[in-house]
2 protein chains.
Amino acid sequence: MTKKQPNYVAIVDDHLLFAGSLEKLIETFNGFDVLYHAKNGADLQQKIKENAQLPDIILLDINMPVMDGFETVKWLTENHPSIKVLALSMEDDETVILRMLRSGAKGYLLKDIHPDKLEEALNEVMEKGYYHSEKVAETLLHSLRPDDSSVDLVLKENEITFMQLACSEMTYKEIAAVMNLSPKTIDGYRQELFNKLHIKNRVGLVIYGLKNEIISL
Amino acid sequence: MTKKQPNYVAIVDDHLLFAGSLEKLIETFNGFDVLYHAKNGADLQQKIKENAQLPDIILLDINMPVMDGFETVKWLTENHPSIKVLALSMEDDETVILRMLRSGAKGYLLKDIHPDKLEEALNEVMEKGYYHSEKVAETLLHSLRPDDSSVDLVLKENEITFMQLACSEMTYKEIAAVMNLSPKTIDGYRQELFNKLHIKNRVGLVIYGLKNEIISL
DNA sequence: TTATACCATAGGAAAAACCCTGTTCCAAGG
DNA sequence: CCTTGGAACAGGGTTTTTCCTATGGTATAA
């Protein structure tokens with residue numbers, strides 16, 4: 001009976017308590033070891049540079065300060081394509097899932113899954129190279145409607161600033177004052193965003209911003 | 001050397017993965033055993049009824065579906081005052097912390113603490129009956145401003161329903177239709193809420209609802 | 001140099017949101 | 001029976017938001 005080398009896992013999550021707990025859980029699994037954790041994407045880059053041993057799998061939280069999951073997975077797929085990234089998040093928001101998968105994640109796990117599912121996912125991602133839970137698979141199918149062309153939909157600096165300010169009790173006129181622009185320009189941003197994001201009103205904008213973690217409370 | 005009986009911990013969190021991981025972590029601590037977990041407050045009530053052995057400490061997540069942390073801790077302090085409740089949440093929002101503590105929680109832990117801190121908290125809450133991290137202690141002090149009179153500010157059923165619907169792209173007229181009320185009545189709710197909550201517009205309402213976990217995305 | 005594209009901006013108008021005050025109905029308490 | 005209070009709702013006015021279309025300026029690619 002030859003003892004195989006374990007698969008190395010890295011955890012990226014700003015919630016230390018969760019990360020630490022998850023480590024204990026993973027160490028009860030057969031054939032997996034936790035290499036290290038990182039608090040965010042930037043921290044992970046650091047850790048990768050410092051350590052000779054690369055992780056086989058990275059469990060990556062999406063909403064983090066500093067360098068979030070989207071940026072991180074993009075960096076990883078470009079610089080370390082051999083590492084398999086499993087996204088880990090609480091929201092099963094379709095656009096978020098798709099964005100992660102499109103960015104290069106090999107799977108998407110909801111944080112409310114049963115611990116056993118995690119072991120299953122880890123094994124499957126090592127064997128097959130990807131893992132998709134039923135729920136996510138469903139979302140994937142559901143998303144195959146041809147519309148799209150949603151080429152990553154980039155928001156410009158000013159639009160993001162506006163969005164953040166719009167997530168407050170400020171009036172557009174006040175926002176214009178803060179941003180040092182004409183109210184009419186602000187109205188232009190608003191309209192452009194409504195079109196791009198397929199939303200109907202300011203509340204929709206706030207919701208979109210929160211769901212996509214462009215703004216936060 | 002007499003072996004003491006361990007302290008029993010129950011975990012209430014709708015994120016199974018987190019709960020499961022946390023269990024593994026706690027079992028590495030000296031003198032603590034996890035009795036069971038529950039997905040939410042209602043589930044916890046169930047578990048408490050079924051099991052003869054009561055937990056000594058409950059680690060309680062705040063934002064859960066069905067029966068959230070606030071309701072749960074209230075129920076616990078009324079029905080099982082001997083159980084020490086530690087609230088567990090990611091947000092360090094002042095109003096949320098205060099609301100939990102006022103509702104009877106013996107401590108408030110942010111989910112981004114170091115795992116060692118959890119052990120410290122568990123030990124301290126068993127010894128002293130309470131635990132407050134530096135951060136929370138600060139918030140507590142900060143909150144001792146005399147203003148308040150914030151007599152728990154109860155929202156009625158209809159107001160909450162309205163609030164939830166207002167957190168969407170629906171128009172007030174549409175909300176009125178859904179709730180089967182006159183648009184003018186809806187306007188009344190709106191006004192009443194704006195006054196009670198000291199907010200200026202619908203975005204403010206959405207933000208309030210989210211911060212106080214009355215609504216969720 | 002011209003076409004193109006993008007940005008800030010404007011006019012004008014309809015719809016929705018916001019605000020204040022007042023009426024009716026009904027139930028509960030004195 | 002009368003009073004009080006809350007809930008639903010209306011009238012009517014002001015402010016913001018929303019929507020559509022259009023123009024001048026500047027950078028840039030052709």
Side-chain angles (χ1 to χ4, degrees), chain A residues 95 147-212 214-217, chain B residues 95 149-212 214-217:
Chain A
T95 66
D147 83 16
D148 249 44
S149 72
S150 72
V151 270
D152 257 321
L153 180 46
V154 185
L155 302 186
K156 4 202 170 222
E157 216 38 46
N158 264 347
E159 287 177 332
I160 291 178
T161 308
F162 163 69
M163 209 185 216
Q164 287 163 342
L165 293 172
C167 183
S168 79
E169 300 196 339
M170 267 189 277
T171 231
Y172 289 143
K173 209 190 291 179
E174 292 169 335
I175 293 176
V178 171
M179 290 183 70
N180 245 310
L181 290 167
S182 152
K184 278 300 182 182
T185 304
I186 295 300
D187 189 50
Y189 291 169
R190 184 198 52 72
Q191 203 158 167
E192 178 67 12
L193 281 174
F194 280 22
N195 285 336
K196 275 208 279 201
L197 309 178
H198 310 295
I199 56 185
K200 289 189 172 61
N201 55 35
R202 189 162 162 182
V203 172
L205 186 65
V206 171
I207 295 171
Y208 181 94
L210 289 169
K211 278 200 179 164
N212 292 76
I214 294 163
I215 52 186
S216 59
L217 299 179
Chain B
T95 65
S149 72
S150 74
V151 271
D152 256 317
L153 182 45
V154 184
L155 302 185
K156 344 188 189 246
E157 215 39 47
N158 263 348
E159 287 177 333
I160 291 178
T161 308
F162 163 69
M163 207 186 223
Q164 286 164 341
L165 293 172
C167 183
S168 78
E169 299 195 343
M170 266 188 279
T171 232
Y172 288 143
K173 210 188 292 180
E174 291 169 334
I175 293 176
V178 171
M179 291 183 69
N180 244 308
L181 290 168
S182 153
K184 278 300 184 179
T185 304
I186 295 300
D187 190 49
Y189 291 169
R190 183 196 53 70
Q191 205 161 163
E192 178 67 12
L193 280 174
F194 280 22
N195 286 335
K196 276 208 277 201
L197 309 179
H198 309 295
I199 55 185
K200 289 191 173 63
N201 55 35
R202 189 162 162 181
V203 172
L205 186 65
V206 171
I207 295 171
Y208 181 94
L210 289 170
K211 278 200 179 163
N212 292 77
I214 294 164
I215 53 187
S216 60
L217 300 178

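Naming convention: chains lettered A, B, ... in sequence-line order (proteins, then strands); numbering from 1 in each chain.
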Under 3.5 Å, which N/O atoms of the protein pair with N/O atoms of nucleotides 8-10 of chain C?
residue : atom : partner : partner atom : Å
C/dA8   : OP1  : A/N158  : ND2          : 3.4
C/dA8   : OP1  : A/Y189  : OH           : 3.4
C/dA8   : OP2  : A/Y189  : OH           : 2.5
C/dT9   : OP2  : A/S182  : N            : 2.8
C/dT9   : OP2  : A/T185  : OG1          : 2.6
C/dT9   : O5'  : A/T185  : OG1          : 3.2
C/dA10  : OP2  : A/S182  : OG           : 2.6

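Separating the CD atom of A/E169 from the P atom of D/dT15 is a distance of 19 Å, rounded to the nearest angstrom. In this structure, A/N195 places its CG atom 13 Å from P of D/dT18, rounding to the nearest Å. Atom pair B/R202:CZ and C/dC18:P shows a separation of 8 Å (rounding to whole Å applied). Rounded to an integer number of Å, the gap from A/K200 NZ to D/dC20 P is 13 Å. Rounded to whole Å, atom C1' of C/dC19 lies 13 Å from atom CD of B/E192. Taking atom CG of residue B/L155 and atom C1' of nucleotide D/dA7, one finds them 16 Å apart after rounding to whole Å. Rounded to whole angstrom, the span from the CZ atom of A/F194 across to the C1' atom of C/dA15 amounts to 13 Å. What separates CG of B/L197 from C1' of C/dC18 is a distance of 16 Å, to the nearest Å.
Closest approach to the A/K173 side chain among D/dT16, D/dT18, C/dC18 is made by D/dT16 (side chain taken as heavy atoms from C-beta onward).
Considering only heavy atoms from C-beta on, B/L155 comes within 4.5 Å of B/K196 through its side chain.
Judged purely by distance below 3.5 Å, without hydrogens or angles, the side chains of A/D187 and A/Y172 never pair a donor atom with an acceptor atom.
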Let me see the working for B/F162 and B/T185 under side chain to side chain contact (heavy atoms under 4.5 Å, CB included), right down to the final yes or no. CA-CA 11 Å; B/F162 163 69; B/T185 304; over 6 Å; no
Under the side chain to side chain contact (heavy atoms under 4.5 Å, CB included) criterion, do B/L181 and B/Y189 qualify, and how do the steps go? CA-CA 11 Å; B/L181 290 168; B/Y189 291 169; 3.7 Å; yes
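The shortest distance between the side-chain N/O atoms of B/K156 and the OP1/OP2 oxygens of D/dA7 is below 4.0 Å. Using a 4.0 Å cut-off, no side-chain N or O of A/T171 falls inside it from OP1 or OP2 of D/dT15.
The two residues B/M163 and B/G209 have their closest heavy-atom pair at SD-CA, 4.2 Å. When all heavy atoms of B/S168 and A/V203 are compared, the pair lying nearest together is O-CG1, 3.3 Å.
Here CD1 of B/I186 is found 11.5 Å from OG1 of B/T171. Values are rounded to the nearest 0.5 Å.
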